[in-house]
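Below: one structure, written as structure tokens.
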Amino acid sequence: MPVITLPDGSQRTFDHPVTVDEVAGDIGPGLRKAALAGRINGKLVDMSHLIAQDVTLAIVTDKDPAGLEVIRHSTAHLLAQAVKQLFPEAQVTIGPVIEGGFFYDFAFHRPFTPEDLAAIEARMAELAKADEKVTRRLMPRDEAVRFFKDQGEVYKAEIIASIPDTDEISLYGQGDWVDLCRGPHVPSTGKLKAFKLTKLAGAYWRGDSRNEMLQRIYGTAWPDKKQLDEYLHRLEEAEKRDHRRIGKELDLFHLQEEAPGAVFWHPKGWIIFQALIGYMRERQGAAGYEEVSAPELMDAALWAQSGHLEKFGENMYLTKTPDERTYALKPMNCPGHVQIFKHGLRSYRELPVRLAEFGKVHRYEPSGALHGLMRVRAFTQDDGHCFITEEQITEECGAITRLILDIYKDFGFEDVRIKFADRPPKRVGSDEVWDKAEAALMAASRAAGIEFTLNKGEGAFYGPKLEFVLRDAIGRDWQCGTLQVDFTMPERLGAHYIDDHSAKRTPVMLHRAMFGSLERFFAILLEHHAGKLPAWLSPVQAVVLSITDRQDEYVRRVTESLKNQGFRVEHDLRNEKVGFKIREHTLKRVPYLLVAGDKEVAANLLAVRTRSGKDLGTMDPETFAERLRIELKSRGRQVLEG
RNA sequence: GCCCAUGUAGCUCAGUCGGUAGAGCACGUCCUUGGUAAGGACGAGGUCACCGGUUCGAUUCCGGUCGUGGGCUCCA
């Protein structure tokens, strides 16, 4: 006698057990048709799920995020079914839903080709059109293992064998194909109407690089064709704002074969880079940091003492010199800063000592990890180290966290996620010291009132850390800022201060970076703004354009004057039509285009146009300068273009 | 590091079933003096990533190396 309570609070009573599908049909034929799954007491189930008890039930359609997940998961199954039909020797493994779509990993004796992909997709379309019923059944674990082993599906058998005894094993079938799955799934394959296979890739079995390489097929799926097309369009748009592409278009930097993972900064890119440094110099100077510079090349012995050589050695560049010494190119700035701290006797009265450096570090990253400016082998950190007493940890961590979040706001990043990364397997320092460091950072985070998620085992080898994560235009997450508590390094490198009882004490060291890598932050900024950097960061803030050569003298004079006032301004006197010049500088994302024709020259004016095509009318050069000055000073919060 | 793809002019890309290559844009010269996203003509530009092999002959076929791209692993 199940009584079923619906989301709107209404109840339906049945005199026999009913399926979700029947309930949906009872509510209305339209809903029954649109239904993909049910949610019983908060748990997702199939349409065929039989309800015998009193429950609350919601019918899940494609309007529900969970419905979209069901569609994607079922499309992954459809993919596997198609692959098994076309390539019976291929073995299936796993096929989860991911952001934007799904993938399925297969073991196969040869790589899939783009032609295979097209054939698979075509077969999937046929199978969807056949509208095969999707059925669920339970099977005892041992029987399921045997069932898949008999079919040569050793990966599936391995997965089932690793499922705890207590969990039930459910199998889903559609047509001639059966797969292990927790479910739920769409009631029939006809519900899958809009999908596309997007790419092929390799992936390790169970994500372990010691395991064999499987072949992963990525795809995306949506409730309808329109949403699929919109998604594909979004991908295209994201590609247009790829920092590598914009870097080329705007002539900001380049990379070349001879220096994999190292950047050749062009004049315009370097202006932006320096603007970032200038900004950070100002902010951290105000926060009590003193800027220093430590050697890039130091004797390997120092890196052995710090523990870097042992824990980080495979990522370090080493060089042997004619004097038979081995030097290491610094992969981190901390040991250098400790040397500066420990030079001379330090008193507790001096603490906190805050040292900062725009330090260029080199790390030999695996070749496959390199990615534009996002992942390089030579990069610049806005690195800083605070030498403090244990009592100062909470306050100092709070100050750093507030500073980081405030700085991100200046660049338009409001949504920042914070992760707490605790002790990694490869580490230095005793467990007691780690307990203390983790507790201290945790307490400081709580005191600062920030929310964070746990990133297990991802701390630095010398201490736990907070990671500040930004999301880029294509939806990828990038760790930028970091804050680490370190009870180990000062000890290993022999740093001390004298406390108020004239005793030698070891300071606690905080490592922090806000941009993290300037190269990466630069790339994220470019993508975030699609190249349209705010004027205070733009390499060229305005271009003065002549219409004919009669304005040359005036244009030169105005440009010179603006330059003398500290603005980054160029002129364009080329023998081209004004439309051509406008187009070109707009494509170069120059914030302001200042046009001078005969009329403007006669009245000492400039016709001001923005890169987004807005006409701001005419104004005299002094007025423009004043307004631009305000915009730059407010870092874009007060914008000339309105 | 691993899997797959890929490397032709400054850029974006054609092309050569093996006989040393072409377009558009950019660049140079000239014509045009034109009012808010491409005016026109002519010209110059490439050891077809690098090293080997097969071949009378390789940019093209094969092998390797390096780089790049998409993933995996790793990470700021």
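First the proteins, then the strands, lettered A, B, ... as listed; each starts at 1. No hydrogens, no waters, no symmetry mates; every other heavy atom, side chains included, goes into these values.
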Practice item. Give the intermediate values and the outcome of ring-ring contact (aromatic ring centres under 6.0 Å, His included) for residues A:Trp270 and A:Phe264. Key: CA-CA 9 Å; A:Trp270 195 240; A:Phe264 290 80; over 10 Å; no
Check your understanding: Does the side chain of A:Arg216 get closer than 4.0 angstrom to OP1 or OP2 of B:rC3 through an N or O atom?
Key -> no
Check your understanding: If you write RNA chain B from 5' to 3' in dot-bracket form, with Watson-Crick or G-U pairs under 3.5 Å, [ ] for crossing pairs and | for pairs with another strand, what do you get?
Key -> (((((((..((((.....[..)))).(((((.......))))).....(((((..]....))))))))))))....
Point to revise | Rounded distance (Å) that lies between atom C1' of B:rA76 and atom CE of A:Met280 | key: 13 Å
Review point. Is any NZ, NE, NH1 or NH2 atom of the basic residue among A:Lys330 and A:Glu357 found under 4.0 Å from an Asp or Glu carboxylate oxygen of the other?
Key: yes
Check your understanding: With rounding to whole Å, what would you report as the distance between B:rG24 and B:rU20 at their P atoms?
Key -> 23 Å
Point to revise | Separation of the P atoms in B:rG52 and B:rG22, to the nearest angstrom | key: 27 Å
Check your understanding: Roughly how far apart, to the nearest Å, are B:rG63 and B:rU29 at atom P?
Key -> 48 Å
Review point. Is the closest side-chain heavy-atom distance between A:Thr220 and A:Tyr231 below 4.5 Å?
Key: yes
**Study point:** Passing option when A:Met489 is tested against A:Met332, A:His385, A:Met509 for side-chain contact (heavy atoms from CB on, under 4.5 Å)
**Key:** A:Met509
Study note, to complete from the structure: In whole angstroms, the gap separating C1' of B:rU73 from CD of A:Glu458 amounts to 12 Å
Check your understanding: Counting side-chain heavy atoms from C-beta on, which of B:rG71, B:rC4, B:rG1 comes nearest to A:Pro366?
Key -> B:rG1
Review point. Under 4.0 Å: is that the gap between some side-chain N or O of A:Gln215 and OP1 or OP2 of B:rC3?
Key: no
Review point. How does protein reach along nucleotides 33-38 of chain B, written 5' to 3' as B (base within reach of a heavy atom under 4.0 Å), S (only sugar-phosphate), or - (no contact)?
Key: BBBBBB
Exercise for review: Pick the C1' atom in B:rA49 and in B:rU68, then give their distance to the nearest Å.
Suggested key: 11 Å
Check your understanding: Taking CZ from A:Arg244 and C1' from B:rU68, how many angstroms apart are they, rounded to a whole number?
Key -> 9 Å
Practice item. Choose from B:rC2, B:rC75, B:rC72 the nucleotide whose nearest atom is closest to any side-chain atom of A:Met213. Key: B:rC2
**Study point:** Distance between P atoms of B:rG70 and B:rU12 (Å, rounded)
**Key:** 14 Å
Check your understanding: Does the distance from a Lys or Arg side-chain N to an Asp or Glu carboxylate O, for A:Arg206 and A:Glu158, drop under 4.0 Å?
Key -> yes
Check your understanding: A:Phe379 ring centre to A:Arg520 NZ or CZ under 6.0 Å, with the angle to the axis within 45°?
Key -> no
Point to revise | Most 5' of A:Glu258 and A:Arg520 on RNA chain B, judged by nearest nucleotide | key: A:Glu258
Study note, to complete from the structure: Picking from B:rA76, B:rG69, B:rC72, the nucleotide nearest the side-chain atoms of A:Phe379 would be B:rA76
Study note, to complete from the structure: To the nearest angstrom, the CZ-P distance between A:Phe112 and B:rA5 comes to 13 Å
Check your understanding: Separation of A:Asn211 atom CG from B:rC2 atom P, in whole Å?
Key -> 16 Å
Check your understanding: Closest heavy-atom contact between A:Ala625 and A:Phe567?
Key -> O-CZ, 3.4 Å
Review point. Hey, does the side chain of A:Lys199 come within less than 4.0 Å of B:rG71's phosphate (OP1/OP2), counting only N and O?
Key: yes
Review point. What is the distance, rounded to the nearest whole Å, between atom CG of A:Leu214 and atom P of B:rC4?
Key: 13 Å
**Study point:** Close side-chain approach of A:Arg283 and A:Asp406, heavy atoms under 4.5 Å
**Key:** yes
Exercise for review: Output the single nucleotide from B:rC4, B:rA76, B:rU12 whose closest atom is nearest the side chain of A:Arg363.
Suggested key: B:rA76
Check your understanding: Would A:Arg512 count as a cation-pi partner of A:Tyr289, with NZ or CZ less than 6.0 Å from the six-membered ring centre and within 45° of the ring normal?
Key -> yes
Check your understanding: Between A:Ser209 and B:rC72, does any side-chain N or O lie under 4.0 Å from OP1 or OP2?
Key -> no
Practice item. Compute both the distance and the angle, then confirm whether A:Arg210 meets the cation-pi test with A:Trp205: under 6.0 Å from the six-membered ring centre, within 45 degrees of the axis. Key: no
Review point. Using atom P of each nucleotide, how far apart are B:rG45 and B:rU33 to the nearest Å?
Key: 31 Å
Revision key, fill the gap. RNA chain B nearest-nucleotide lookup for A:Gly516 and A:Leu255: closer to the 5′ end is A:Leu255
Review point. In whole angstrom, what separates A:Glu257's CD from B:rU65's P?
Key: 15 Å
Check your understanding: Is the NZ or CZ atom of A:Lys311 both under 6.0 Å from the centre of the six-membered ring of A:Phe461 and within 45° of that ring's axis?
Key -> no
**Study point:** Syn-anti status, with the boundary at 90° from 0, for the nucleotide B:rG45
**Key:** syn
Review point. Whole-Å distance between B:rC75 C1' and A:His371 NE2?
Key: 13 Å
